[in-house]
Amino acid sequence: DTTLPGPLEFVVTASSLTRGQAILEVEPNDMTSPQNLPMLPVGVGGTLADGVDDADVFTFDLKLGQRLWVYTAADPAMDLFALDHRLRLLDPMGMELRNDRFGSEGFHPALRNLIILETGLYTLFDEISTPGQGDMGGYNLYIDVIDPAEFTEVEPNDTIASPQALGPIE
């Protein structure tokens, strides 16, 4: 981890996972037997197969006030656009909170800065968006959570900051 001071009294923290720090999906990890992820953050390496009803399903505990970040992309060993998949997150009651799809537009599915409103067991799907289109292959899934104690919002935080003069550029 690296921590850098920001110019407006904030801190940027960057984390990275190497392949050795990631875990592999354990089949079957579907709706009837999801794979529990006991610790976050985590990186998961998995595979999706088309032509079968393949959705990789993961569960993990979240607490009120935490912020969730989820990102998935095709395995770098494959074509970056080889997988048209989507993420879906269900709350503890089984209601869908958010979803995002790759859609072959150069963006990878991600759930960004989702504020958790209820403590409980959440369910995450990484699945083929449109079955029968020939999409299949490996993916890397990254899940991170930020506890409320790790960030402080300073109000008002809904205004545009004034520009900072940089001086002459040579």
Side-chain angles (χ1 to χ4, degrees), residues 1-4 12-63 66-147 150-151:
D1 290 355
T2 303
T3 301
L4 303 171
V12 176
T13 302
S15 299
S16 63
L17 293 170
T18 62
R19 196 66 164 156
Q21 292 174 300
I23 63 171
L24 296 176
E25 67 165 322
V26 178
E27 294 287 356
N29 57 335
D30 54 22
M31 195 57 200
T32 59
S33 56
Q35 181 175 348
N36 186 263
L37 304 174
M39 295 193 60
L40 300 179
V42 68
V44 179
T47 303
L48 291 172
D50 196 10
V52 297
D53 191 16
D54 189 22
D56 290 345
V57 184
F58 305 94
T59 59
F60 42 86
D61 290 305
L62 295 173
K63 296 178 186 165
Q66 289 180 319
R67 293 183 184 211
L68 179 68
W69 299 78
V70 182
Y71 171 82
T72 188
D75 189 307
M78 300 174 24
D79 176 357
L80 191 58
F81 304 103
L83 217 51
D84 183 5
H85 55 142
R86 72 176 170 185
L87 294 171
R88 290 190 306 129
L89 182 69
L90 306 183
D91 70 10
M93 300 301 293
M95 300 296 296
E96 186 172 302
L97 289 178
R98 190 169 300 171
N99 68 68
D100 193 40
R101 178 177 176 221
F102 171 51
S104 301
E105 298 169 357
F107 299 100
H108 303 288
L111 307 176
R112 297 175 182 93
N113 199 28
L114 181 63
I115 300 172
I116 301 305
L117 301 177
E118 179 181 2
T119 297
L121 186 68
Y122 286 73
T123 305
L124 178 72
F125 291 76
D126 195 337
E127 59 194 357
I128 299 290
S129 294
T130 311
Q133 300 297 313
D135 293 319
M136 63 180 62
Y139 66 86
N140 293 318
L141 173 69
Y142 305 96
I143 306 170
D144 198 2
V145 65
I146 302 170
D147 285 312
E150 294 181 39
F151 61 89

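Keep in mind the model is a prediction, meaning the values are calculated, not measured.
You'll find the side chain of Leu87 reaches within 4.5 Å of the side chain of Leu141, heavy atoms only. Looking at heavy atoms from C-beta onward, Leu121 lies out of side-chain contact with Phe60 at the 4.5 angstrom threshold. Inter-residue side-chain proximity for Trp69 and Leu111 is flagged as unmet; no heavy-atom pair is nearer than 4.5 Å. Looking at heavy atoms from C-beta onward, Pro34 lies out of side-chain contact with Phe58 at the 4.5 angstrom threshold. The shortest distance between side-chain heavy atoms of Phe125 and Leu90 falls below 4.5 Å. Annotation: side chain of Leu62 is in contact with side chain of Leu40 (closest heavy-atom distance under 4.5 Å). Here the side chains of Glu27 and Asp56 are in contact, with some heavy-atom distance below 4.5 Å.
In this pair, His85 and Tyr139 present their aromatic rings tilted. The plane angle is within the 30 to 60° band.
Within the model, atoms CG of Asp91 and CD of Glu96 stand 10.0 Å from one another, a figure rounded to the nearest 0.5 Å. Note that the CG atom of Leu124 and the OG1 atom of Thr72 stand 8.5 Å from one another [nearest 0.5 Å]. Note: Arg88 CZ to Arg101 CZ = 13.5 Å, rounded to the nearest 0.5 Å. Met95 CE to Thr123 OG1: the interatomic distance, rounded to the nearest 0.5 Å, is 13.0 Å. With values rounded to the nearest 0.5 angstrom, Leu89 atom CG is found 10.0 Å from Asn99 atom CG. Between Ile23 atom CD1 and Met39 atom CE the span is 11.0 Å, to the nearest 0.5 Å.
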Leu117 and Leu97: CA distance, side-chain angles, deciding distance, side chain to side chain contact (heavy atoms under 4.5 Å, CB included) verdict: CA-CA 11 Å; Leu117 301 177; Leu97 289 178; over 6 Å; no

Derivation of the side chain to side chain contact (heavy atoms under 4.5 Å, CB included) call for Glu25 and Thr47: CA-CA 8 Å; Glu25 67 165 322; Thr47 303; 3.9 Å; yes

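The main-chain N or O of Val26 is found under 3.5 Å from a side-chain atom of Gln35 such that the two form a donor-acceptor pair.
When all heavy atoms of Leu37 and Ile143 are compared, the closest pair comes out as CD1-CD1, 3.6 Å. Closest of all the heavy-atom pairs between Gly120 and Pro92 is CA-CG, 3.7 Å.
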